[in-house]
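What's counted below: heavy atoms across the whole structure, side chains too, no hydrogens, waters or symmetry copies.
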Amino acid sequence: MTSEVSQVSLRELPMDNWMAHLPSAMWDTPLCFMAIPGSHNAITYCLDKNDRSPVDLTQPDMLQKLDKYMKPLIRPFVYKWAIAQECNVREQLDSGVRYCDMRIARRPNDSSDDLYFYHGVYTTITVETVLKEISEWLDVHPKEVVILSLSHFQGLSQELHSQLVSTIKSVFDSKLCPKTECVTLRNLWSRGFQVIISYEHNVANCHHDLWSHIPYWWANKSKAEALIEEFERRKQNGRPGGFFVTGINLTEDLKYICSHPTESLKDMVMSTYPTLLGWVRQQKPGSRTGSLNIIAGDFVTESKFVPTVIALNEHLFEGTT
C-alpha cells in the first residue's frame, strides 16, 4: 500500500476524474474522513443583472431601501460582492469540486413554481436546470461522487418543498445515495451511487435518500488571520462525527464594502488566498480531533485551491488519521 501511494502525487491527478484515479488503498476510507474540495455559494455565476430583479429578502433593510431608490448606483456594488464563483457548475466539477453549497429560493412575486439560487440577488438559471447539468456530468464521470448541500429555502411552502424533492428524485434517480449507506468509494461504486443530498429542512426526515444538514464551520471574519484563528479554536473541540465543512470564505459586511469602494469580493478573496492556502496545506483529514473533511472556498477554480485540498489525502497513509 505504501509503495503504491508514495509513487502518486494526488495533486497531479486529473481533476475532472480525481476520485476514479485515487490509489486503491483509499477506496475503503469513509468520505467523511477524506479531504474534499467544495464550492461556497456555488451557483452565483449567473446572478440576474436585470435591474427589475429585486435584491434578496435576507439583505439588510438599509440595502433594500438604497437599492429601491438608488438602483443604478447600488446595483454594481451588489454584484461585485455577491458573485462568489465565476465558473459554471460543470466547470467547477471539471476542476475537481465535489461539494456544492446551494442556497435555494422562490423569487418574490413570481407567478411560476420555478425555484432559483440566490446571493444578494437571484439567479437567472433554475434549480432544476442546474441539477440536470450535474446529473449529465455524472453520466460521463461514473466514478465521481458529489455532495450537494441544499439550504435556506427562502419563500418555499411545504408544497414547493415536496415539488423540489420530487425533482431531485426524478433527476438523480438511482444515483441518490441513501443516508443509511456506508459511504466509501468502493461501496458507492458497487451500487452506482454518485449523489449525496444534504437537505437543511425537516422534510429530510421523511426521505431515506435525503441526508440531514451537514455542519458548516463559518468564521464570519473579513480577515484571513482572524478566520484561521477561529478555526484553530474550533479544531480543539473535536470534529463532528460525519461529514462537515470548513468554509475558508471570508465575510464582508456593509461597513467593509463602503470602506473599500473600488474592490470586489474577488479582490478580497484572491488577496488572501496565499495565507489561507498556506494554512490549508498544514491540515490533515481523518477521524482525530483537529482533522478536517470538506473544505469550501470562493472562486475555487482561480487558484491552486482544489489540488491543495485533494493532496491532503496523502496524510491518510502516514498513520496520522
Side-chain angles (χ1 to χ4, degrees), residues 30-33 36 38-44 56-59 84 89 98-110 112-120 122-123 125-132 134-135 138 145-183 187-188 191 193-220 234 237-247 249 251 293-294 296:
L31 292 189
C32 65
F33 295 151
I36 298 173
S39 173
H40 171 248
N41 268 318
I43 318 298
T44 52
D56 81 64
L57 301 177
T58 66
Q59 297 305 310
V89 73
R98 294 296 176 267
Y99 165 93
C100 294
D101 163 36
M102 298 176 157
R103 303 174 186 201
I104 293 176
R106 183 182 191 183
R107 288 172 67 137
N109 307 316
D110 190 343
S112 78
D113 287 339
D114 288 338
L115 299 178
Y116 296 85
F117 305 95
Y118 75 97
H119 186 225
Y122 301 89
T123 58
I125 198 167
T126 65
V127 171
E128 183 173 5
T129 299
V130 169
L131 297 184
K132 285 180 176 176
I134 294 170
S135 185
L138 289 169
V145 178
V146 298
I147 302 165
L148 307 180
S149 177
L150 278 50
S151 66
H152 291 62
F153 304 115
Q154 187 190 111
L156 265 69
S157 63
Q158 209 66 27
E159 183 182 349
L160 284 174
H161 273 291
S162 297
Q163 289 182 28
L164 176 55
V165 172
S166 294
T167 299
I168 290 167
K169 295 187 179 192
S170 169
V171 169
F172 293 120
D173 196 24
S174 61
K175 294 186 184 82
L176 281 178
C177 175
K179 54 192 167 193
T180 53
E181 204 58 48
C182 168
V183 186
N187 193 46
L188 296 177
R191 288 164 169 75
F193 298 141
Q194 288 184 273
V195 183
I196 292 168
I197 299 283
S198 158
Y199 202 94
E200 193 181 352
H201 190 275
N202 57 20
V203 164
N205 300 333
C206 309
H207 300 272
H208 76 288
D209 41 13
L210 295 182
W211 294 58
S212 55
H213 173 59
I214 294 174
Y216 194 109
W217 285 5
W218 175 55
N220 194 20
R234 289 203 187 195
N237 297 324
R239 51 153 295 157
F243 288 111
F244 79 105
V245 185
T246 305
N249 45 287
T251 306
N293 174 210
I294 301 164

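- For the atom pair Leu164 CG and Leu210 CG, the distance stands at 8.5 Å (nearest 0.5 Å).
- The heavy-atom pair separating Thr123 from Arg107 by the smallest distance is O-NH1, 3.2 Å.
- Taking every heavy atom of both residues into account, Leu31 and Asn293 meet most closely at O-ND2, 3.0 Å.
- When every heavy atom of Ala42 is checked against every heavy atom of Cys100, the shortest pair comes out as CB-CB, 3.8 Å.
- A 4.5 Å side-chain heavy-atom check between Leu150 and Val127 finds every atom pair outside the cut-off.
- Judged as a side chain to side chain donor-acceptor pair (under 3.5 Å), and not counting sequence neighbours, the contacts of Asp56 are Thr58, Gln59.
- Partners of Lys179 according to the salt bridge (Lys or Arg N to Asp or Glu O under 4.0 Å) rule, which considers only residues two or more places apart in sequence or in another chain, do not exist here.
- Side-chain contact check for Thr44 versus Phe117: every heavy-atom pair is 4.5 Å or farther apart.
- Pairs engaging residues 153-173 under the salt bridge (charged side-chain N to carboxylate O under 4.0 Å, His left out) rule: Lys169-Asp209 [sequence neighbours left out].
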* Just do the side-chain contact (heavy atoms from CB on, under 4.5 Å) check on Val130 and Met102 with the steps written out, would you? => CA-CA 10 Å; Val130 169; Met102 298 176 157; 4.0 Å; yes
* To do: Would you please test Asp113 and Arg106 for side-chain contact (heavy atoms from CB on, under 4.5 Å) and show each step?
  => CA-CA 8 Å; Asp113 287 339; Arg106 183 182 191 183; 3.7 Å; yes
* **Verdict with supporting geometry, Gln158 and Val203, side-chain contact (heavy atoms from CB on, under 4.5 Å)** => CA-CA 9 Å; Gln158 209 66 27; Val203 164; 3.6 Å; yes
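- Scanning both residues, Trp211 and Ala204, for their nearest heavy atoms gives O-CB, 3.9 Å.
- Looking at every heavy atom in both residues, Asp101 comes nearest to Asn41 through OD2-N, 2.8 Å.
- The side-chain contact (heavy atoms from CB on, under 4.5 Å) check on Ser149 picks up Tyr99, Ser198, with sequence neighbours excluded.
- Legend: residues meeting salt bridge (Lys or Arg N to Asp or Glu O under 4.0 Å) with Asp110, ordered by chain and number and at least two apart, are absent.
- Every residue two or more places apart in sequence or in another chain that forms a side-chain contact (heavy atoms from CB on, under 4.5 Å) with Pro108 is listed here: Pro54, Leu57, Tyr122.
- Remark: His207 NE2 to Ile197 CD1 distance equals 12.5 Å, nearest 0.5 Å.
- With sequence neighbours left out, His152 forms a side-chain contact (heavy atoms from CB on, under 4.5 Å) with Arg103, Tyr118.
- The NZ atom of Lys175 lies 6.0 Å from the CD atom of Gln194; values are rounded to the nearest 0.5 Å.
- Among pairs with a residue in residues 162-182, none fulfils ring-ring contact (aromatic ring centres under 6.0 Å, His included), at least two apart in sequence or across chains.
- With values rounded to the nearest 0.5 angstrom, Cys177 atom SG is found 9.5 Å from His208 atom NE2.
- The minimum heavy-atom distance between Tyr216 and Ala296, with the atom names listed, is OH-CB, 3.7 Å.
- Every side chain to side chain donor-acceptor pair (under 3.5 Å) that Arg234 has, sequence neighbours left out, goes to Glu230.
- Take Arg239 and apply the salt bridge (Lys or Arg N to Asp or Glu O under 4.0 Å) test, not counting sequence neighbours, and it matches no residue.
- Thr251 meets the side chain to side chain donor-acceptor pair (under 3.5 Å) test with Trp218; sequence neighbours excluded.
- Relative orientation of the His201 and Phe153 rings is perpendicular, given thresholds of 30° and 60° on the angle between their planes.
- Here the straight-line distance linking atom CG of Leu115 with atom CG of Leu156 works out to 5.0 Å at 0.5 Å rounding.
- Listed by chain and residue number, Asp114, Tyr116, Glu128, Thr129 satisfy the side-chain contact (heavy atoms from CB on, under 4.5 Å) test with Thr126 (two or more places apart in sequence, or in another chain).
- Panel note: side chain Ser135, backbone Leu131; no donor-acceptor pair is recorded below 3.5 Å.
- Once rounded to the nearest 0.5 Å, the distance linking OG of Ser39 with CG of Leu148 reads 11.0 Å.
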